[in-house]
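Inspection log for the structure reproduced underneath, given as C-alpha cells.
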Amino acid sequence: AFASNRLLELYGRCGSAQHARRVFDSIVHKDLYSWVRMITAYARTGHLEEAKRVFDSMKEWNLVSWNAMLSAFLHHNLTDEAKVVFDAMPERNTITWNAILSAFAQGGDLDAAKLVFDSMPEWDLCSWTPMLDAYAEAQLVRNARGIFDCMKERSIVSWTAMLCAYAQNGHLEDARQVFDAMPERDVVSYNAMLAAYTQRGHMDEASQVFFGMEERSSVSWNCIACGYAQDGHIDAATRVFLAMPELSVVSWTVMLCAYAHTGQWTDALELFSSMKMTTMPDDVAFLCVLLACNHAGSVRSGCSHFFSMAPDYNVAPRKQHYSLMLDLLSRGGYLDDAGELVANMPFAPD
RNA sequence: UUCCUAGCCGCGGA
C-alpha cells in the first residue's frame, strides 16, 4: 500500500487522474493517505464531482481528508460547496481556517473574510497577510495597516503586502517608507516597489529601483516596458521588450496592448503570430488581439482568432471577448452572425 | 497525504 500511495501521489501531481484511479482501485487495504491522494488527484485535474464521490465513499474521515475536500472546492472557486464542507467539519485547524480566509480575501468578500478572521482561534502569517490584502483591496488602507501593526511576527511577505496595500491605494510615499523600512528585500518586494512607480508613470524613480536591483525577474522587465508603453513611449517599450532576457505571456501582452491602443493594428497582429510560436496566449492576450482586430475592422481575422481560443488554446472566452466580437460583427454589417453569437453565448446578455 | 501554503507585472472591473 505504501508504494501504491507513492505512485498515486505521482500520478496526481502530473495530472493523470485515470492512472491514479487505476492504482487506487488496485489497492486492497486503502488507508487515509490513499483516499486523500485520490481526492487531490481528481481535484487537481478539475474533476470535482469525482473527488466528492471519493470523499463520500470513505469509511472514516480525518481532519486532513476534510481539509483536502475543502481545498479542492476552494481552488476551483466553488465557494458554496466549500462552505457546506466547512460547516460540516467536526474539527478545524489553522490550515482549514487559513484556506477559507484566503479564498474570501481573494474573492473580494471582505465581510466574509472578516467574519472568518474574527472566529479563528489563532492566527499566523498565512492568516494576517490575506486579511491585510482583503482590506487593501476594499481600499481600507488604515485597517490594512492595523492588521500589519497587530501582527506578532512579520515576514518579507507581510512587508511586501503592506507596501502593495499603500501602492494600490495611491499612497506612494507610504509605500516607499515601507520599502525603506523592510528588514530584508527580495526580487518580489523590489518588483512591488517598481510596479508602484510604473503604474503611476514615475519612470525616473522606477528606473532607479530597476538599476538598483541585484537580481531581476521577468516581472521587473515587464513593469518597465509597461510603464513606457502607457506613457506613450512605444518605441522605448519596444526596446525594453527586445532587451528582455526572457519573455513571458505578460511581456508579449504588454506590447500587444500597447500596439492595439495606439492603433498599430498590423504590428499587433504580427506580434501575436510571433508570440504563438513560443508562448501560449491567455485570455488577456486574446482580448488585446480582438481589440486590435476591432479597431482595424478586420472581421475575418477577429473571427479566426476568437474561434481558435477554446479549441486550440484552451482559453474560455469571457464576456469581454464576446462583446468585442459583437461590436466587430455588427459594425461590419454581419448582424445575423452577431445575433447567432449572442444566442450561443454561455452568459446572459447584459 | 490537506500545503510545490500568504506577497510582485499585462486587459477589464473598482
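Both backbone and side-chain heavy atoms feed into the values below; hydrogens, waters and symmetry mates do not. Residue numbers begin at 1 in each chain, while the letters A, B, ... track the order of the sequences.
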Practice prompt. Would you indicate what Ser65(A) reaches in the nucleic acid, counting non-hydrogen atoms under 4.0 angstrom: base, sugar-phosphate, or nothing?
Written response: nothing

Lys114(A) and Asp118(A) ion-paired at < 4.0 Å: no

For this session: May I ask you to say what Leu8(A) touches in the nucleic acid, namely base, sugar-phosphate or nothing, with a heavy-atom cut-off under 4.0 Å?
Result: nothing

In whole angstroms, the gap separating C1' of U2(B) from CZ of Phe55(A) amounts to 11 Å

Mind checking if His75(A) touches a base, just sugar-phosphate, or nothing, with heavy atoms under 4.0 Å? sugar-phosphate

(request) For the pair Tyr197(A) and His202(A), name the ring-plane relationship: parallel under 30°, tilted 30 to 60°, perpendicular over 60°. (result) parallel

Review point. For Phe24(A), is the NZ or CZ atom of Arg37(A) found under 6.0 angstrom from the centre of its six-membered ring and inside 45 degrees of the ring axis?
Key: no

Tyr42(A) vs His47(A) aromatic rings, parallel, tilted or perpendicular, using cut-offs 30° and 60°?
perpendicular

note: Glu91(A), atom CD; U2(B), atom P; distance rounded to Å ~ 17 Å

ask   = With rounding to whole Å, what would you report as the distance between U2(B) and A6(B) at their P atoms?
value = 13 Å

TODO: Might you work through the side chain to side chain contact (heavy atoms under 4.5 Å, CB included) test for Met255(A) and Asp267(A), ending with a clear yes or no?
DONE: CA-CA 10 Å; Met255(A) 296 314 297; Asp267(A) 289 333; over 6 Å; no

### Query
Considering only the C1' atoms, how many Å lie between U1(B) and U5(B), rounded to the nearest integer?
14 Å

Sugar-phosphate, base or nothing in reach of Arg44(A), heavy atoms under 4.0 Å: sugar-phosphate

TODO: Go through the steps for Tyr313(A) and Phe286(A) under the test ring-ring contact (aromatic ring centres under 6.0 Å, His included), then give the verdict.
DONE: CA-CA 10 Å; Tyr313(A) 300 95; Phe286(A) 273 107; 5.5 Å; yes

### Query
Parallel, tilted or perpendicular: which fits the ring planes of Tyr11(A) and His19(A), with parallel below 30° and perpendicular above 60°?
tilted

Q | Under 4.0 angstrom between Arg92(A) side-chain N/O and U2(B) OP1 or OP2 | A | no

B/S/- along nucleotides 7-14 of chain B (protein heavy atoms under 4.0 Å) is BBBBBS-S

When rounded to whole Å, the CG to P distance for the pair Leu48(A) and U2(B) reads 16 Å

note: Phe2(A), atom CZ; U1(B), atom C1'; distance rounded to Å ~ 11 Å

